[in-house]
Amino acid sequence: PKTNLAAQPSPAPAAAPREAPVLATYKISGPATSEDAPVQWTFTAEQLATDRYRPKMTGTMHPGWTVYSKDVDPDVGPLPTEFSINLTDGVTPLGVATETADHLKVGYDKIWEADIAKIDGGDVTYAQEVRVTNASEINGYVFFQTCNDEMCLPPNEVPFSLGLSGTTPVASLDG
């Protein structure tokens with residue numbers, strides 16, 4: 001028997017997952033970029049519920065500089081960016097850390113002489129949702145390596161925290 005595919009109903013598109021509404025946002029930025037410090041980091045913590053937060057670190061690159069993706073193979077040469085939440089009593093991860101960038105590229109890198117995943121300018125954001133129960137703070141760090149077309153700077157770690165012990169949470173950034 002013949003089947004007319006055009007006459008069959010098509011399945012409904014899958015609904016996009018709905019993000020939880022943000023109840024409050026706490027934010028602090030580090031120093032502006034320069035040739036000596038080519039990445040400016042901004043720490044943002046979004047409160048999603050009384051016991052849920054989404055800490056984020058957003059890096060903005062100085063023109064001509066890059067950071068490497070969290071998915072880079074460290075055996076090739078560059079160090080992958082790490083976004084880590086310290087899992088202390090009362091802080092539990094929900095899901096996995098994400099990396100979002102408009103300028104994520106995978107291609108040949110002449111410094112490492114290999115195909116590398118890197119964020120080539122612009123902004124990159126790392127985020128991780130957590131559940132908080134009886135914790136006085138959420139803290140962690142972003143660890144990264146940055147390079148331009150001629151050289152790489154030593155790896156750097158930028159710690160962040162969101163103090164929860166006062167009446168209003170306080171965001172802090174070191175580095």
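Numbers here simply count residues along the sequence, with the first being 1. Quick caveat: nothing in here was measured; it's all calculated off a predicted structure.
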query: Is it true that Glu82 and Lys70 make a salt bridge, defined as a side-chain N closer than 4.0 Å to a carboxylate O?
result: no
Do Lys110 and Asp149 meet the salt-bridge criterion of a basic N to acidic O distance under 4.0 Å? no
Answer with yes or no whether the side chains of Thr58 and Asp123 bring together a donor and an acceptor at under 3.5 Å. no
Verify whether one side chain among Glu99 and Ser69 offers a donor that lies under 3.5 Å from an acceptor in the other.
yes
Is any side-chain heavy atom of [Y] closer than 4.5 Å to one of [X]?
{"X": "Trp112", "Y": "Cys152", "result": "yes"}
{"X": "Thr81", "Y": "Tyr126", "result": "yes"}
{"X": "Ile116", "Y": "Pro78", "result": "yes"}
{"X": "Phe143", "Y": "Pro155", "result": "yes"}

So, [X] side chain and [Y] main chain: donor-acceptor pair closer than 3.5 Å or not?
{"X": "Gln40", "Y": "His62", "value": "no"}
{"X": "Gln47", "Y": "Ala49", "value": "yes"}
{"X": "Thr88", "Y": "Val91", "value": "no"}

Separation between OG1 (Thr66) and CD1 (Ile119), nearest 0.5 Å, reads 6.5 Å
Between the CG atom in Asp120 and the SG atom in Cys147, the distance rounded to the nearest 0.5 Å is 11.0 Å
Paired with Tyr68, the side chain to side chain contact (heavy atoms under 4.5 Å, CB included) test is passed by just one of Asp109, Val124, Thr146, Leu79, namely Asp109
Can you give me the closest heavy-atom contact between [X] and [Y], atom names plus distance?
{"X": "Pro55", "Y": "Val130", "value": "CD-CG2, 4.2 Å"}
{"X": "Ala127", "Y": "Phe83", "value": "C-CE2, 3.7 Å"}
{"X": "Ala114", "Y": "Val76", "value": "CB-CG1, 3.5 Å"}
{"X": "Gln128", "Y": "Gly95", "value": "NE2-O, 3.2 Å"}
{"X": "Leu162", "Y": "Ala45", "value": "CD2-CB, 3.5 Å"}
{"X": "Met57", "Y": "Leu173", "value": "CE-CD1, 3.5 Å"}

Verify side chain to side chain donor-acceptor pair (under 3.5 Å) between Glu137 and Asn139, making sure each step is shown before the conclusion.
CA-CA 6 Å; Glu137 73 177 355; Asn139 59 48; 2.8 Å; yes
Using the ring centroid of each side chain, check whether Phe160 and Trp41 are separated by less than 6.0 Å. no
**OP:** Evaluate side chain to side chain donor-acceptor pair (under 3.5 Å) for Ser29 paired with Thr42, printing each intermediate quantity in order.
**Re:** CA-CA 4 Å; Ser29 294; Thr42 299; 2.9 Å; yes
